[in-house]
Amino acid sequence: MTPREMVTHLASSNVVVVFSSTDCCFSTVAKNLLFSLAVGPTVIELDRHASGSAILAALYQLSGDTRQPLPAVFVCGKFLGGVEILLAKHINGALIHLLKEARALWL
């Protein structure tokens, strides 16, 4: 399985997935926000994953951005974005709605 296929498989097999790094403060913010909302995301810590660097390269391609692509948040197999998008959607109220539709949140 190629790294891109691994990302696609993991993202589509779980409701909420966060590709993260244990030493990335933005990843910590994203995970803590989701945990505080009682969402149990599947977290893939790339610095502890055997194929972490290859998956990171695939995330660069998927995000279409030259900046650090972590955290990379997926909901229902679709790339949502990084911490900026996650926080913006939380602030404007769209995140709760999205997570409810995905059945990742039961409020």
Evaluate the criterion side chain to side chain donor-acceptor pair (under 3.5 Å) for residue pair E45 and H49; output intermediate values, then yes/no.
-> CA-CA 6 Å; E45 299 291 3; H49 194 283; over 6 Å; no
Is there a side-chain contact between S27 and V18 (heavy atoms, below 4.5 Å)?
-> no
With a 4.5 Å limit on heavy-atom distance, are the side chains of F79 and L62 in contact?
-> no
Mind listing the closest non-hydrogen atom pair of V43 and S20 along with its distance?
-> CG1-CB, 4.2 Å
Under 3.5 Å donor-acceptor, S12 side chain and H9 backbone = yes
Would you find a donor on one side and an acceptor on the other, under 3.5 Å apart, between the side chain of S51 and the backbone of A54?
-> no
For S36 and L33 the tightest heavy-atom approach is OG-O, 2.7 Å
Side-chain contact test, heavy atoms from C-beta onward, threshold under 4.5 Å: evaluate it for R103 versus V15 and give yes or no.
-> no
F19 vs L46 side-chain heavy atoms within contact, under 4.5 Å | yes
hydrophobic_cluster_shared for I44 and M1, side chain cutoff 4.5 Å | yes
Is L34 close to L99 at the side-chain level, that is, under 4.5 Å between some pair of heavy atoms?
-> yes
Are the side chains of F74 and V7 in touch, meaning some heavy atoms are under 4.5 Å apart?
-> yes
